[in-house]
Amino acid sequence: MERVVSRENMVAAWQQVKANAGAGGVDRKTVDATHRHLVSHWPGIAEKLVAGTYRPGAVRAVTIPKPNGGERLLGIPNVQDRLIQQGLSQVLGEVFEPKMSEHSYGFRRGRSAHDAVAAARDHVLSGKRYVVDLDLKQFFDQVDHDILMEQVKREVTDKRVLRLIGQYLRAPMVQADGRREKRQRGTPQGGPLSPLLANIYLTSLDRELEARGIAFVRYADDIQLYIGSLRAAERLLASLSQWLQRHLKLEVNADKSGRGPSDGATLLGFRLHANGEIDLAPRSLERLKDEVRAQWDARCSLPLTERPQRWREYLTGWWGYFRFATCWRQVCGLSGWIRRHQRKYFWLRWHHPRGRLRALQRLGIQGRALGQAWSRRGAWRMARHPVLHTALPNARLSRWGFGLPWHSAA
DNA sequence: CTGCTCACGTT
RNA sequence: GAGAACGUGAGCAG
């Protein structure tokens, strides 16, 4: 606990909380208001923390739409509690990080979704022709407090820390209409500590799978197993459902879970192929196209007079989308729009501090030729653009005329 | 190099 | 009105 309230740890935690610039919790204090409150009250709070008498506040319930149409229930702690949780998360992270599985990729420092997909690809390439998808029903809301605390106790002995974690887990949720709801299970989605707790909770599943010698990849609550035969896949799905129910009190979603051929399986927005190629999952591609179209219209209809105020926002986003659209016009069906707005594009490009320089130096000598030069020379750079790079990291790009090597199987 | 800001993606 | 973690890239300032 002393480590949590240490000066270095707390300033780091505060910077993180401030950088997120999130909304207030049930006390509706903003980040700024909390800062003013803390400069005078922090010593007292720290004292309570080391004495073990601190009491966390409730969390505010908010529902936000999920990308696929559903709703996600969030529990937003007060800014002050987010700060303390962040501080806890930082020191607990150091303790638990080395104990976690190599095959767990979500929420972990230095590990990305790309790593997870690459690992999955390697499993498929190594001859596992079937895949089992495990979808846990409402995972964050189903976490069992006692089981979780048992896991935490294996590495943490400080009673004050354990107590505090327990209280954060049990913090009641205040609905929009003011009703308070006690919680017996689950960890509030929205607390800085929750991602870490989720990983601690599921580490025992990782260990069980490793003990059984199963090839798998886990990204938070998204779990995929790679199996040699369909029969074995069926068996595993059944036996693991039971194991999860028994040891972690988790239900697997029978509708969304399943088993099938690994050729064409999707993971984290990507689609895997038996030959080791990776491309965008159909769903993600659709979402991407819709987004490009929407952004395109929105940015083009924004009057130029508003541009100066929103200069950077306007350009960084719009510019990227334009490049994407130019590149993918045949996919998105955007050629009409591009033709219509090309002049405006050149104009904006010219006024971008870096774009003007680049435009002169590397691409265009004059406006008319710019479009041509762009499509020829831009292809390679296009493939490195952030939007493309995160979304489309693979050999399949060669299909559209670009070669961006996805680092090959090591 | 290290501090902030601004985009995008996954859970 | 919308939280958190992680990842990537860009911009700015000493």
Side-chain angles (χ1 to χ4, degrees), chain A residues 11-13 15-26 28 31 59-68 71-79 81-83 85-86 88-90 92-93 97 100 104-118 135-136 138-140 168 173 176 187-199 202 217-224 266-270 280-281 283-285 287-288 291-292 295 299 310-321 323-324 352-355 358 381 383-393:
Chain A
V11 303
Q15 280 184 342
Q16 180 62 46
V17 171
K18 190 176 63 146
N20 286 335
V26 28
R28 309 256 56 181
V31 172
V59 297
R60 183 163 64 97
V62 168
T63 56
I64 60 171
K66 279 204 285 196
N68 62 28
E71 282 193 337
R72 170 182 251 107
L73 179 65
L74 301 179
I76 306 173
N78 296 333
V79 176
D81 285 316
R82 292 215 292 272
L83 170 70
Q85 283 195 40
Q86 177 66 30
L88 272 174
S89 169
Q90 281 165 190
L92 290 180
E97 192 63 23
M100 292 201 223
S104 154
Y105 292 89
F107 304 141
R108 292 187 60 186
R109 215 160 251 175
R111 288 162 169 256
S112 68
H114 286 172
D115 296 332
V117 174
D135 184 89
L136 303 177
Q138 299 284 300
F139 166 67
F140 278 89
Y168 274 127
M173 196 141 83
T187 163
Q189 288 190 67
L193 196 53
S194 294
L196 180 65
L197 294 179
N199 269 338
L202 286 180
V217 163
R218 181 170 76 77
Y219 194 96
D221 60 341
D222 206 345
I223 305 153
Q224 226 167 66
T266 65
L267 171 68
L268 302 173
F270 294 93
L280 263 194
R283 250 220 157 101
S284 300
L285 182 57
R287 215 184 300 150
L288 203 52
E291 188 60 22
V292 169
Q295 290 283 342
R299 314 253 167 181
R310 307 179 50 192
W311 183 259
R312 305 200 38 184
E313 179 198 348
Y314 189 76
L315 282 174
T316 49
W318 193 85
W319 202 27
Y321 278 110
R323 294 171 68 176
F324 175 85
H352 187 280
R354 214 173 59 129
R358 290 261 172 107
R381 292 181 46 216
R384 328 220 105 208
H385 187 274
V387 174
L388 280 176
H389 185 68
T390 54
L392 305 163

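Numbers restart at 1 for each chain; the letters A, B, ... are given by sequence-line order, proteins then strands.
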Separation of Tyr168(A) atom OH from rA4(C) atom P, in whole Å?
-> 14 Å
Short side-chain N/O contact from Arg82(A) to OP1 or OP2 of rA4(C), under 4.0 Å | yes
Nucleotide of rG1(C), dT11(B), rA4(C) approaching Asn20(A) most closely (side-chain heavy atoms) | rA4(C)
What's the closest nucleotide to the Ala220(A) side chain, out of dT11(B), rA4(C), dT5(B)?
-> dT11(B)
Do you know the tightest heavy-atom contact between Ala116(A) and Leu268(A)?
-> CB-CD1, 3.7 Å
For Ile64(A) and for Ser89(A), locate the closest nucleotide of RNA chain C by heavy-atom distance; then report the residue assigned to the nucleotide nearer the 5' terminus.
-> Ile64(A)
Sequence neighbours excluded, which residues qualify as side chain to side chain donor-acceptor pair (under 3.5 Å) partners of Gln15(A)?
-> none
Check every strand shown and say whether Gly75(A) touches a base, only sugar-phosphate, or nothing at a heavy-atom separation below 4.0 Å.
-> nothing
Select base, sugar-phosphate, or nothing to describe what Gln16(A) touches, counting heavy atoms under 4.0 Å on all strands.
-> sugar-phosphate
Please state how far atom NZ in Lys66(A) lies from atom P in dG9(B), giving the value in whole angstrom units.
-> 18 Å
Check: dT11(B) base within 3.5 Å donor-acceptor of Tyr219(A) side chain = no
Rounded distance in Å - CG (Leu196(A)) to P (rC6(C)) = 10 Å
Could I get the full list of side chain to side chain donor-acceptor pair (under 3.5 Å) partners for Gln90(A), not counting sequence neighbours?
-> Asn9(A), Gln86(A)
Looking across every strand, which nucleic acid part, if any, lies under 4.0 Å from Gly191(A) by heavy atom: base, sugar-phosphate, or nothing?
-> sugar-phosphate
Residue list, side chain to side chain donor-acceptor pair (under 3.5 Å) with Ser89(A), at least two apart or on another chain | none
Exactly one candidate in Val59(A), Val62(A), Asp81(A) meets side-chain contact (heavy atoms from CB on, under 4.5 Å) with Ile76(A); the answer is Val62(A)
Can you name the side chain to side chain contact (heavy atoms under 4.5 Å, CB included) partners of Val26(A), sequence neighbours left out?
-> Ala58(A), Arg60(A), Asn78(A), Val174(A)
Roughly how many Å is it from CG in Leu268(A) to P in rA5(C), rounded to a whole number?
-> 19 Å
Tell me: CZ of Arg60(A) to P of rG3(C), nearest whole Å?
-> 8 Å
Measure the distance from CZ on Phe140(A) to C1' on rC6(C) and round it to the nearest whole Å.
-> 12 Å
Atom pairs under 3.5 Å: protein N/O with N/O of nucleotides 2-4 of chain B:
residue, atom, partner, partner atom, Å
dC4(B), OP1, Gln15(A), NE2, 2.9

Interatomic distance, Glu97(A) CD vs rA5(C) P [rounded to whole Å] = 15 Å
Where the side chain of Pro192(A) is concerned, which of dT11(B), rA5(C), dT5(B) is the nearest nucleotide?
-> rA5(C)
Taking for each residue the nucleotide of RNA chain C bearing the nearest heavy atom, is the 5' side occupied by Tyr105(A) or by Val62(A)?
-> Val62(A)
Give the ring-plane orientation class for Phe107(A) versus Phe140(A), where under 30° counts as parallel, over 60° as perpendicular and anything between as tilted.
-> perpendicular
Would you say rG7(C) has OP1 or OP2 under 4.0 Å from some side-chain N or O of Arg108(A)?
-> no
Residues forming a side chain to side chain donor-acceptor pair (under 3.5 Å) with Arg218(A), sequence neighbours excluded = Ser104(A), Asn199(A), Asp206(A)
Select base, sugar-phosphate, or nothing to describe what Gln86(A) touches, counting heavy atoms under 4.0 Å on all strands.
-> sugar-phosphate
Closest to side chain of Arg109(A), choosing from rA4(C), dT11(B), rC6(C) = rC6(C)
For Gln90(A) and rC6(C), give me the distance from atom CD to atom C1', rounded to whole Å.
-> 14 Å
What distance, rounded to whole Å, do you find between the two C1' atoms, one in dC8(B) and one in rG1(C)?
-> 23 Å
